[in-house]
Amino acid sequence: MAENKSPDPKQRQRAEALAPDPCGGPLTTDQGVIVEHTDDSLRAGERGPTLLEDFHFREKITRFDHERIPERVVHARGAGAYGYFEPYASCAEFTRAAFLQDPAVRTPVFVRFSTVQGPRGSADTVRDVRGFATKFYTSEGNYDLVGNNFPVFFIQDGIKFPDFVHAVKMEPHNEIPTGASAHDTLWDFVSLQPETLHTIMWLMSDRAIPRSYRMMQGFGVHTFRFVDAAGKGTFVKFHWKPKLGVHSLVWDEAQEVMGRDPDFNRRDLWDTIEAGQYPEWELGVQLVPEADEHKFDFDLLDATKIIPEEQVPVRPIGRMVLDRNPDNFFAETEQIAFCTANVVPGIDFTNDPLLQARNFSYLDTQLIRLGGPNFAHIPVNRPVVDVRNNQRDGYHQEEIHRGTNYSPNSLGGGCPALGSVDEGAYRHLAERVDGVKIRKRSPSFDDHYTQAALFWHSMAGWEKQHIVDAFRFELGKVGAMPVRERTVEQLAHVDHELATAVAEGIGVAAPARQETPSPRPSPALSFENNQGESTIATRQIALLATDGVDAHQASVLRDTLRERGAVAEVLAPHDGTVRAADGSPLTVDRALPTVAAVLYDAVVLTDGSEPGEGSDGDAARRFVRNAYRHGKPVAAYGSATALLTRLLPDGLRLSTPDGEVTADRGVVSGGTADSPFTEELVKAVAAHRFRDRPAPRA
Ligand code: HDD
């Protein structure tokens with residue numbers, strides 16, 4: 001098997017765990033006994049009762065009955081992939097972590113992306129935080145960076161986590177809503193717990209509806225520590241930056257996608273990896289010397305705060321590529337077990353009370369979720385280095401230990417012996433800690449408004465509008481008026497304009513003007529400054545065609561876009577082929593009724609195509625209007641330009657004498673699908689969205 005020879009140690013190890021080739025022999029029971037018949041149970045006579053001695057029947061049903069395990073209490077729905085990480089240069093100056101030393105060494109990884117609120121079967125494009133958890137299979141053991149696509153969290157102390165999660169999850173009496181935060185209990189909690197506000201601003205922004213997992217930033221959230229070979233610590237915040245930039249859906253679109261393709265983000269990750277278009281992120285770090293711990297106007301230990309990038313720049317240290325889908329969702333993506341306490345020498349914790357709680361919670365939750373303490377034996381969780389210790393037994397023990405099982409021992413030759421730091425042993429940073437036992441937060445955690453305001457003031461106009469719309473949507477679904485009112489009062493401490501705009505939409509009196517913070521904006525927070533590389537690779541482009549299409553031009557355009565890495569598909573009222581005016585056939589990739597504009601990034605009306613008056617024509621016209629409404633590039637060439645002109649707002653009339661190309665706010669039209677037209681289309685698709693368009697016609 002190819003994986004056996006892979007240079008990737010995780011893939012080599014994984015190959016050994018693959019089940020035997022199903023075509024390598026006949027069907028067997030779990031005991032290896034060959035089965036000759038699996039469609040009828042053993043019974044007393046053709047019409048008689050099933051016999052208890054039918055061990056094959058009993059085993060088959062029993063195994064089926066036990067197929068499910070508890071889903072994750074949060075982050076239940078996810079998708080994952082394997083890949084590798086490689087540093088750009090040695091980070092020895094800050095950390096002794098082996099996987100951050102040598103650019104020639106690739107460390108295997110598995111990454112799982114997830115939503116938080118919904119159960120395993122919920123839709124992908126809900127308004128929610130996304131998990132971004134990475135397991136590095138390093139030469140010094142597993143390191144887990146269990147982050148999110150927001151750099152901040154809702155609460156400051158892990159002891160509030162059960163309260164927060166109970167509030168955001170489906171309500172206990174009726175288990176509604178699935179995959180949504182727009183309900184009374186969450187907003188009740190938010191309105192009473194102002195430390196949530198900064199993260200709530202992120203949740204109401206388009207960051208909470210990513211276009212793709214491949215287009216999300218990731219953050220370690222907490223301040224961690226790097227520790228160098230001499231034992232010196234440096235505070236560090238981790239950032240993943242996607243090569244494709246940060247891009248999102250719009251809320252109206254996200255809601256439609258939930259119905260059209262609930263697996264939208266999962267499918268996108270899977271399909272692009274299968275197509276060899278491997279997603280890539282850069283790992284960056286913000287480093288703060290220990291001596292500067294108190295130089296900020298917030299506490300580095302407070303997970304509701306960012307360090308603005310303008311204050312401490314993000315320094316790129318390496319890149320991660322995901323290049324292999326798992327073979328089995330359950331075995332790998334479902335059974336992977338992350339834990340913030342899985343660290344390697346050179347990476348250490350801080351006293352962030354949220355992090356401290358997490359270090360307890362993850363191991364604990366795996367015990368119930370994966371049925372006992374031996375879950376590290378599951379192939380996806382196994383480190384690529386040997387594990388030697390005196391931990392023994394328990395459910396699902398997969399290893400046959402030999403020798404003694406205690407330390408110190410003489411009968412086992414004193415093995416396993418202890419390692420030294422020089423040999424790579426983990427040693428905790430010798431941080432001095434003094435204090436009285438006390439249930440109290442430091443006053444340095446008290447300011448809940450400045451960074452919420454920082455986020456707000458860093459947004460472009462359209463981003464602010466989307467935030468206001470999101471608040472209005474969410475609070476508009478809250479039944480309890482006092483909860484709406486209290487939330488608006490909280491927002492009034494962030495920004496008066498924001499609070500007033502929200503109040504107006506939800507039938508609440510405008511709040512009294514409060515003194516609000518006016519921090520210097522952080523441009524790095526805006527989508528506008530996170531566009532990534534200009535490419536159309538992996539973008540989904542729909543070419544709408546009907547009988548009468550100029551097949552030659554359409555297929556040249558499709559092929560050109562594909563050569564540039566886009567997923568260009570011909571959509572027509574039916575599958576099979578459409579017939580060109582000259583009788584030649586054009587292959588249809590998908591029938592229009594099976595798809596929708598929300599599943600594509602751009603749409604092109606092809607020359608010669610003429611969507612009729614009936615339902616097929618309606619579907620095509622709706623397709624174009626929706627793409628336009630959601631800010632996507634829309635294009636037409638040749639005779640189709642007239643149709644596009646009819647569908648667009650008056651302010652965007654197109655005139656395209658042969659040869660000329662017009663392109664305005666993502667609307668591209670030309671006389672033919674020649675290269676100037678294609679180049680304008682490519683530019684528009686690479687720009688993703690056009691937010692400042694005139695409203696479409698009704
Ligand atoms: Fe958590 C899962 C991220 C706070 C307790 N968390 C989980 C996952 C991610 C995060 C990405 C899914 C991992 C996977 O794909 O298997 N969690 C975060 C971040 C947090 C955070 C970025 C704040 C900075 N979490 C947090 C707190 C607690 C937990 C404060 C408890 C005190 N999280 C859990 C958990 C989960 C989990 C209950 C559920 C399933 C699992 O761990 O394996 O232990």
Side-chain angles (χ1 to χ4, degrees), residues 69-82 109-120 124 128-136 142 144-169 193 195-196 198-199 202-203 207-208 210 213 216-224 237-240 265-266 269 300-306 322 326 329-342 349-350 352-371 375-376 378 380-381:
I69 62 170
E71 66 175 32
R72 289 167 175 82
V73 58
V74 283
H75 296 264
R77 181 170 179 82
Y82 290 97
V109 298
F110 187 96
V111 176
R112 183 172 178 274
F113 303 105
S114 47
T115 53
V116 179
Q117 196 265 7
R120 269 192 66 182
D124 278 349
D128 201 350
V129 187
R130 299 299 184 283
F132 189 140
T134 308
K135 191 179 281 295
F136 297 80
N142 288 350
D144 293 354
L145 182 54
V146 196
N148 278 341
N149 73 329
F150 298 179
V152 282
F153 200 65
F154 297 94
I155 47 168
Q156 295 173 320
D157 186 323
I159 199 167
K160 294 299 301 164
F161 192 67
D163 296 305
F164 166 68
V165 173
H166 287 170
V168 70
K169 277 271 190 182
Q193 194 79 36
E195 72 199 57
T196 55
H198 184 194
T199 308
W202 284 77
L203 188 67
R207 296 272 186 159
Y213 290 138
M216 297 188 321
Q217 270 175 292
F219 302 91
V221 181
H222 312 280
T223 306
F224 292 90
K237 289 229 185 225
F238 293 104
H239 296 242
W240 291 114
N265 291 143
R266 176 184 280 193
L269 181 68
L300 285 182
L301 305 186
D302 175 356
T304 69
K305 304 296 185 295
I306 58 164
L322 298 183
F329 186 92
F330 179 83
E332 302 175 272
T333 310
E334 189 60 17
Q335 292 200 109
I336 191 158
F338 292 95
C339 180
T340 48
N342 291 347
F349 314 115
T350 57
D352 171 346
L354 197 73
L355 176 58
Q356 301 276 324
R358 295 182 73 194
N359 286 345
F360 168 74
S361 180
Y362 288 74
L363 172 57
D364 186 46
T365 205
Q366 313 308 353
L367 296 177
I368 177 88
R369 189 170 76 82
L370 298 168
F375 58 85
I378 297 171
V380 72
N381 294 325

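Here the structure is a predicted model, which means the values were calculated and not measured. Whatever order the structure lists ligands and atoms in, that order sets their numbers, starting from 1. The analysis underlying the following values was restricted to heavy atoms, covering all of them including side chains, and did not include hydrogens, waters or symmetry mates.
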Examine Gln366 against ligand 1 and note whether any of their N/O atoms are separated by less than 3.5 Å.
-> yes
State whether the shortest distance between N or O atoms of His222 and N or O atoms of ligand 1 falls below 3.5 angstrom.
-> no
Protein heavy-atom partner closest to [atom] - residue, atom, separation in Å:
{"atom": "atom 13 (C) of ligand 1", "answer": "Phe338 CD1, 3.8 Å"}
{"atom": "atom 10 (C) of ligand 1", "answer": "His75 NE2, 3.2 Å"}
{"atom": "atom 38 (C) of ligand 1", "answer": "Val73 CG1, 3.5 Å"}
{"atom": "atom 35 (C) of ligand 1", "answer": "Ser361 OG, 3.9 Å"}
{"atom": "atom 22 (C) of ligand 1", "answer": "Asn148 ND2, 3.1 Å"}
{"atom": "atom 18 (C) of ligand 1", "answer": "Arg358 NH2, 2.9 Å"}
{"atom": "atom 11 (C) of ligand 1", "answer": "Gly147 O, 3.2 Å"}
{"atom": "atom 16 (O) of ligand 1", "answer": "Arg72 NE, 2.7 Å"}

Evaluate the salt bridge (charged side-chain N to carboxylate O under 4.0 Å, His left out) criterion for residues Lys135 and Asp144: first the C-alpha distance (whole Å), next the side-chain angles of each, then the deciding distance (0.1 Å), finally the verdict.
-> CA-CA 4 Å; Lys135 191 179 281 295; Asp144 293 354; 3.0 Å; yes
Which bit of [X] is near ligand 1, meaning a heavy atom under 4.0 Å away: side chain, backbone, both or neither?
{"X": "Val146", "result": "both"}
{"X": "Thr365", "result": "side chain"}
{"X": "Phe161", "result": "side chain"}

Any atoms of ligand 1 less than 4.0 Å from a non-hydrogen atom of Gly131? List them with their elements.
->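 So the answer, numbered in order with elements, is 11 (C).
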Check each atom of ligand 1 against the heavy atoms of Leu354 and keep those under 4.0 Å away; list them by number with element.
-> 23 (C), 24 (C), 30 (C)
Does atom CD1 of Ile368 have more than 12 heavy-atom neighbours from other groups under 6.0 Å away?
-> no
Report, as yes or no, whether the 6.0 Å neighbourhood of atom CD1 on Ile159 holds more than 12 heavy atoms from other residues, nucleotides or ligands.
->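 No, not enclosed.
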How are the rings of Phe150 and Trp202 set relative to one another: parallel (under 30°), tilted (30 to 60°) or perpendicular (over 60°)?
-> tilted
Nearest heavy atom to atom 14 (C) of ligand 1 wins, so pick from Lys135, Arg112, Gln356, Gln156.
-> Arg112
Taking it one step at a time, do Thr340 and Phe349 satisfy side chain to side chain contact (heavy atoms under 4.5 Å, CB included)?
-> CA-CA 9 Å; Thr340 48; Phe349 314 115; 5.6 Å; no
Non-hydrogen atoms of Ala303 versus ligand 1: any pair closer than 4.0 Å?
->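 The answer is no: ligand 1 sits nowhere under 4.0 Å from a heavy atom of Ala303.
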For Leu300 and Thr350, run side chain to side chain contact (heavy atoms under 4.5 Å, CB included): C-alpha distance rounded to whole Å, both residues' side-chain angles, the deciding distance at 0.1 Å, then the answer.
-> CA-CA 9 Å; Leu300 285 182; Thr350 57; over 6 Å; no
If you take all heavy atoms of Leu370 and Gln335, which pair is closest and at what distance?
->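 Result for this residue pair: CD1-O, 3.7 Å.
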From OG1 (Thr304) to CD (Gln156), nearest 0.5 Å |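 Reported to 0.5 Å precision, the distance equals 4.5 Å.
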Inter-residue atom distance Arg207.CZ - Asp128.CG, 0.5 Å rounding =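 Interatomic distance, Arg207 CZ to Asp128 CG, rounded to 0.5 Å: 15.5 Å.
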Step-by-step salt bridge (charged side-chain N to carboxylate O under 4.0 Å, His left out) determination, Asp157 to Lys160 = CA-CA 6 Å; Asp157 186 323; Lys160 294 299 301 164; over 6 Å; no
Pair Arg369 + Glu71: basic N to acidic O under 4.0 Å |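 Judged by the 4.0 Å cut-off on N to carboxylate O distance, Arg369 and Glu71 do not form a salt bridge.
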Tell me, please, if Tyr362 has any N/O/S atom, main chain or side chain, under 2.8 Å from atom 1 (Fe) of ligand 1?
->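 Under 2.8 Å: Tyr362 contacts atom 1 (Fe) of ligand 1 through an N, O or S atom.
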